[in-house]
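For reference, the structure is listed below as structure tokens.
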Amino acid sequence: MIFRSITRSVVGKLWITIIAIVAVLFLLLSTIVFKYFDNHYYTQQSNSLSALGEEISLIIEKNPNREKAIEIIDDILRAYETNMVIIKKDATGKYPQIEKLFSPEDIKLILENQKNVVRISDVSYKYYLTFDKVDDFLAIAYPLSENGKDIGVIILYQSLERLYEVTNNLKKILLLFVGIASVITTFFSFFLSYKITAPIRQMKKAAVQMARGNFKHKISIRTTDEIGELADSFNKMASQLAETVQALSDEKEKLTNILKSMADGVITVNRRGDIIVTNPPADKLLLWEKELPDSIKEMLETVIKQEVNVKKDINLHGRILSVVMAPLFSDKVVNGAVMLLRDVTYERKLNKLRQDFLANVSHELRTPISMIQGYSEAIIDDMVLSPEETKELTHIIYEESLRMGRLVNDLLDLARMESGMYQIQYSKTDIKLLIDKMIRKFSSLAQEHKIELISDYDPKLPEVYVDGDRIEQVLTNLVDNAIRHTKNGGKITIRAKLKSSDNFLLEVSDTGEGIPEQDIPYVFERFYKADKARTRGNSGTGLGLSIVKNIVNSHGGTISVDSKIGQGTTFSIIIPTNI
């Protein structure tokens, strides 16, 4: 495991390579030295033995006293650590002993008195030689003659044990040298490898930091070689990447802030319809769905196939969304789309209300104008036969003109309020008296439809500073609406009480049919008009509740509505007392 981790690193690979090269060089050097020393010593010993053999041969030939010659030879042999053996011919004139030591070619050279040193290493030769310990040895033979006749052979031999001792000592010295050199080489090769690869390791650390998003890590290398140039280039690259990433991050932050601040929803998808990017309004419109609705997927298919912008209104979760989708290109290929979602439910409702208002106003004006015009023509053309009929027609013309006047006045009042031209005239007002006045004002109409009018207020309710005429207009509109939307036998209650020391509460409650839940957010909008099927008699113009809201807002108050189908409706108004 450790070896594998070493061989995987650059330091380990370089270290092992240097050690391997040095080891091979030491091995080759040792082999050459051993071989050279062995050959050199063998050559010297061979030359020395040959010279000794010639000298002994001359002593034997020149000295007729054999015993004296042997003594001299023994002294020489001891001095040279050499042994000698004399082998005589047998009865057949052969030398069977030396045939065991020398080859026929060597024997021929010996008998011809030619030098021939032989290296012998066979334990069987101990029988013929006098070594206590059989080793490799060098041998040389000379013919022994007497009176001109060959009587035998002189053999000189030397042990190679000293050569081996010297060789072994040399091996030990070399091995010690190789060991010390290996340790030193290992240390310095590791140090050199570590030093050489230090810049690479720094670059690795810097690359890891860059991968983690830290581009401030710099490589501190001051060399002028290729590694120094590479480190300098690496630092420049890190700086440029830091600037680029920061620029991209800033752009991303700007884009994110823009998307978050947009009121419209923005969604980016790929070709498969997978959602990639959304902003909070888009999540809210989609109700945080993970997949696109089928209606939007159909638009995506059209955008991808035809590579065109597509705009369409869709219904989603009870809302009306206007969707504009455009293709996203990459290398001239559509790889997705970006879409803009806008909730146009409110606008569509308002448009419908405006259209209904125009229709209602047209109807409201056309009917009285037609009646005034027709009855006027009848009077002018003397088509009326009696004064009673003339008076009746004149009364109808008068009622229709009042009706048109109320419509025009409502429009003018609303326009003045919304433009800010209308000023509230504050005065001390007794709300209890206003409620009693409303009871008296609508008592006849309520009795006609068998509706019970109830006042519910605190007798100790203090006077407040409001515009009494406008508050009366508010109550008139609310009570009139309640009567028109309450069936026979119902109840209408007008309440008033202090909400706190700074505010008082006005409420108009009825037991009528109620307002549909989907219409409640729009009841105070201009031109809102309830379904005619739910109203009694002539329906209003759709301006009354809008005027009520404007009056309440002008007083710094708030108005809300609580209604349930079949259970009735309650309008609650909170206005500052200004005491």
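These numbers were taken from a predicted model, which means no experiment stands behind them.
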Would you call [X] and [Y] a side-chain contact if the rule is heavy atoms closer than 4.5 Å?
X    : Y    : value
I471 : T429 : no
I451 : I492 : yes
F571 : V474 : no
I483 : T486 : no

Over 12 foreign heavy atoms within 6.0 Å of NZ, K297 |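 Atom NZ in K297 is crowded, with more than 12 foreign heavy atoms closer than 6.0 Å.
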CZ/R342: more than 12 non-hydrogen atoms of other groups inside 6.0 Å |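 Atom CZ in R342 is not crowded, with 12 or fewer foreign heavy atoms closer than 6.0 Å.
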Any donor-acceptor pair under 3.5 Å linking the side chain of [X] with the backbone of [Y]?
X    : Y    : value
S572 : S560 : no
N309 : A326 : no
H485 : E513 : no
D456 : E507 : no
T345 : I320 : yes
D510 : A482 : no
N503 : K499 : no

Spacing of [atom1] belonging to [X] relative to [atom2] belonging to [Y], to within rounding of 0.5 Å:
X    : Y    : atom1 : atom2 : result
I296 : I267 : CD1   : CD1   : 5.5 Å
M339 : K311 : CE    : NZ    : 15.5 Å
L505 : I431 : CG    : CD1   : 11.0 Å
E517 : S563 : CD    : OG    : 10.0 Å
L506 : I573 : CG    : CD1   : 5.5 Å
R470 : S554 : CZ    : OG    : 9.0 Å

Who pairs with S233 by side-chain contact (heavy atoms from CB on, under 4.5 Å), at least two apart in sequence or on another chain?
->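 Once residues adjacent in sequence are excluded, S233 has no partner under the side-chain contact (heavy atoms from CB on, under 4.5 Å) criterion.
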Mind checking what makes side-chain contact (heavy atoms from CB on, under 4.5 Å) contact with L28, not counting sequence neighbours?
->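 For L28, the residues satisfying side-chain contact (heavy atoms from CB on, under 4.5 Å) (neighbours in sequence not counted) are V24.
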Taking 4.0 angstrom as the limit, do K254 and D250 come out as a salt bridge?
->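 Looking at K254 and D250, the cut-off is not met.
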Regarding N477 and Q473, is there a side-chain donor-to-acceptor distance under 3.5 Å anywhere?
->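 Absent: no donor and acceptor within the cut-off.
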Please check if any side-chain donor atom of T476 sits under 3.5 Å from a side-chain acceptor atom of K441, or the reverse.
->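 On atom types as modelled, these side chains qualify, holding a pair under 3.5 Å.
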Of the non-hydrogen atoms in [X] and [Y], which two are nearest, and what is the gap between them?
X    : Y    : result
V308 : P327 : O-CD, 3.8 Å
I435 : A496 : CD1-CB, 3.5 Å
N335 : S330 : ND2-CB, 3.1 Å

Any residue meeting salt bridge (charged side-chain N to carboxylate O under 4.0 Å, His left out) with [X], in chain and number order, not counting sequence neighbours:
X    : result
K305 : none
R319 : D343
D562 : none

Could you list the residues that satisfy side-chain hydrogen bond (donor to acceptor under 3.5 Å, both in side chains) with D480, not counting sequence neighbours?
->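 Result, side-chain hydrogen bond (donor to acceptor under 3.5 Å, both in side chains) vs D480: R484.
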Residue pair V548, I559: steps toward the side chain to side chain contact (heavy atoms under 4.5 Å, CB included) verdict | CA-CA 9 Å; V548 167; I559 183 170; 3.6 Å; yes
